[in-house]
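The structure appears right after this line, and notes come after that.
All chains are named by letter (A, B, ...) in the order of the sequence lines, taking the proteins before the strands, and each is independently numbered beginning at 1.
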2 protein chains.
Amino acid sequence: MNKSSGRGRRAGAPDTREQILDAARRLFLANGYEGTTMRAVAGAADVDAALISYFFGSKRGLFGATLALTANPLEVARQELPGDLATLPERALTALLQAWDDPRTGEPLVAMLRGVVLDPGMSDLVREAMHGELLAHLAERLGGVEGGRRAALFGAQMGGLIFTRYLLRLEPIASMNSQEIVRMYAPALRAVLFGPHPGRAALPHTGRR
Amino acid sequence: MNKSSGRGRRAGAPDTREQILDAARRLFLANGYEGTTMRAVAGAADVDAALISYFFGSKRGLFGATLALTANPLEVARQELPGDLATLPERALTALLQAWDDPRTGEPLVAMLRGVVLDPGMSDLVREAMHGELLAHLAERLGGVEGGRRAALFGAQMGGLIFTRYLLRLEPIASMNSQEIVRMYAPALRAVLFGPHPGRAALPHTGRR
DNA sequence: GGATTTATTCATCACGGTTGAAATGGTGGG
DNA sequence: CCCACCATTTCAACCGTGATGAATAAATCC
């Protein structure tokens, strides 16, 4: 009976905000962004739907808040940067795959990735995070104009792997074990980072060498 | 006049279906899937919104129908397969960039890509097209189990380039000219297609610091 | 202990996709 | 030629969505 009784603030100190966040997190992971309605979140948190707007402003705000408390993938990857450049491809790949293969951290990441494509604003956020926290450092270590480009193409390769393995689930990539991937993909990363590029003249064909 | 008089079939033989498709195509490209409402499409086609459901079943159906009449990117890429394997990276990259850089073909492709991430069913479609029309052939030419994996990783690299350049618009990739990209990226593709992979022992290695 | 701030519910809006019924033109069999 | 049937079209309504503003009650501050 204490249930649906009138309006006004509830007694005690129920951490409603956390409750909502928790319910939202579960539902977003289970049903995706579109598949999760604010009313459903409110229901799961046993709260009125208007409270979500009150606390988080909007559904996107709620989504952003749930993302904020999931492990940041770039954080993980950045820790691999300082080491020996020569072994960076293996280390970066290993760290990346580990983060995304573990459902605990991977599922939120996939959800976020979906959100990225959904919302242009989210896309800005990821782009800048990727540049500022990762590629800029890498570019600096590589040096010069070429360094910036090499770093970006490195990022493209990483992104491609994630996209095909976790979002598109393309076979056989999706079911290969991570060591196999590291072994086969690292040389390509290495080529972009350190490999010589063919002379400008050698465009259309493979050129000599 | 023929004006907005009552209900019932209109006189003559107006190809309403085409009108709707045309309007939908324009709006989807301009405003994206979410940003395009059925009522807006109906308005632009000068038709009642219910007609869309009548002809295409649902908004997704309409989206699918508009996609069906845009140039197929895989078709383009597949034409590059038969040639000399040694020059495949350059040829494939060039063809890919050309298709996506031209707004005329590229914009629909970006729209489709957004749709892919949006809808799991659409994702299946792309995955199978990519595998059946492209990677399977490439895998066969490369041969063996490794061939399948090399082909898939090749696809991942291509996908990564598209994702970062056209969807995420990561700099400096987004503003590099296509020749530059071909020059710098082709060696990496080559590494995945033909390069030797390090012996199994050398795996996470890094180990011997 | 009153004023203010914070938290909560309720009622309601505007909008989006979808549906069912009614109306109207086209078409073919008799 | 007329009437039954089918295809097309509009209209009105439904239901679910995210969002907002007013009313209300507890907590907090001075």
Side-chain angles (χ1 to χ4, degrees), chain A residues 1-24 27-28 30-67 114-115 118-122, chain B residues 1-24 27-28 30-66 114-115 118-119 121-122:
Chain A
M1 280 320 180
N2 56 357
K3 282 289 51 173
S4 57
S5 50
R7 36 187 132 195
R9 188 169 184 160
R10 282 189 293 199
D15 202 348
T16 310
R17 202 190 141 93
E18 291 303 314
Q19 269 173 257
I20 294 177
L21 226 40
D22 195 57
L27 290 181
F28 277 140
N31 311 328
Y33 181 81
E34 306 266 337
T36 303
T37 111
M38 302 189 72
R39 285 170 168 92
V41 172
D46 208 35
V47 162
D48 188 276
L51 262 189
I52 299 180
S53 292
Y54 177 73
F55 279 121
F56 303 96
S58 68
K59 186 182 180 184
R60 283 246 143 75
L62 175 62
F63 187 66
T66 62
L67 283 188
R114 291 213 145 91
L118 210 90
D119 179 26
M122 204 79 78
Chain B
M1 313 294 248
N2 54 3
K3 282 281 52 177
S4 57
S5 48
R7 36 186 132 195
R9 188 172 184 159
R10 282 190 290 199
D15 202 349
T16 310
R17 202 191 142 95
E18 291 304 314
Q19 270 174 254
I20 294 176
L21 225 41
D22 196 57
L27 291 180
F28 277 139
N31 311 329
Y33 181 82
E34 307 267 337
T36 302
T37 107
M38 302 192 72
R39 284 171 167 93
V41 173
D46 208 34
V47 162
D48 188 276
L51 261 190
I52 300 180
S53 292
Y54 176 72
F55 279 122
F56 302 96
S58 67
K59 188 182 181 183
R60 282 246 141 78
L62 176 62
F63 187 66
T66 62
R114 291 212 145 91
L118 209 90
D119 179 23
M122 204 79 77

- Nucleotide D:dT17, atom P - distance to CZ of A:F63 in whole Å: 18 Å
- Message: Just the rounded figure in Å: distance from P of C:dT9 to CZ of A:F55.
- Response: 10 Å
- Answer yes or no: is there a donor N or O on one side and an acceptor on the other, between the side chain of A:K59 and the main chain of A:Y33, under 3.5 Å? yes
- Message: Does A:R9 contact C:dT6 through a side-chain donor or acceptor facing the base, at a distance under 3.5 Å?
- Response: yes
- Query: Which residue lies toward the 5' end of DNA chain C, B:T36 or A:A49, if each is placed at its nearest nucleotide?
  - Reply: A:A49
- Evaluate whether atom CG of B:D46 has more than 12 neighbouring non-hydrogen atoms of other residues, nucleotides or ligands under 6.0 angstrom away. no
- Query: Within the structure shown, what part of the strands sits under 4.0 Å from A:Y54 by heavy-atom distance: base, sugar-phosphate, or nothing?
  - Reply: base
- If you pin B:S53 and A:R10 to their nearest nucleotides in DNA chain C, which one's is more 5'? A:R10
- Task: Rounded off to whole Å, could you give me the CG-to-P distance for the B:D48 and C:dG20 pair?
- Result: 15 Å
- Note on the structure: Whole-Å distance, B:M38 CE to C:dG16 C1', equals 10 Å
- Spacing of B:I52 atom CD1 relative to D:dT8 atom C1', expressed in whole Å: 15 Å
- Message: If you take any heavy atom closer than 4.0 Å to DNA chain D, which residues from residues 14-24 of chain A end up in contact?
- Response: none
- Query: Given D:dT9, C:dG25, C:dT18, which nucleotide is nearest the side-chain atoms of B:A11?
  - Reply: C:dG25
- Task: Would you kindly give the NZ-to-P distance between A:K59 and D:dA19, to the nearest whole Å?
- Result: 8 Å
- Please tell me if the side chains of A:L62 and A:F28 come closer than 4.5 Å, counting only heavy atoms from C-beta onward. yes
- Query: So, for A:A42 and A:I52, which heavy atoms are closest and what is the spacing to 0.1 Å?
  - Reply: N-CD1, 4.0 Å
- Query: To the nearest Å, how far apart are B:L51 CG and C:dG17 P?
  - Reply: 15 Å
- When every non-hydrogen atom of B:L27 is compared with those of B:A44, the smallest separation belongs to CD1-CB, 4.2 Å
- Query: Which atom names give the shortest non-hydrogen contact between B:Q19 and B:P14, and what distance separates them?
  - Reply: OE1-CB, 4.5 Å
- Task: Examine the base of C:dG17 for any acceptor or donor lying under 3.5 Å from a partner atom in the side chain of B:R39, and report the outcome as yes or no.
- Result: yes
- Rounded interatomic separation in angstrom, taking CZ from A:R7 and P from D:dT24: 6 Å
- Query: Closest to the B:A50 side chain: D:dG21, C:dA7, D:dT10?
  - Reply: D:dT10
- Say you draw a straight line from CZ of B:F63 to OG1 of B:T36; how long is it, rounded to the nearest 0.5 Å? 9.0 Å
- Which part of the nucleic acid does A:T37 contact within heavy-atom distance under 4.0 Å: base, sugar-phosphate only, or nothing? sugar-phosphate
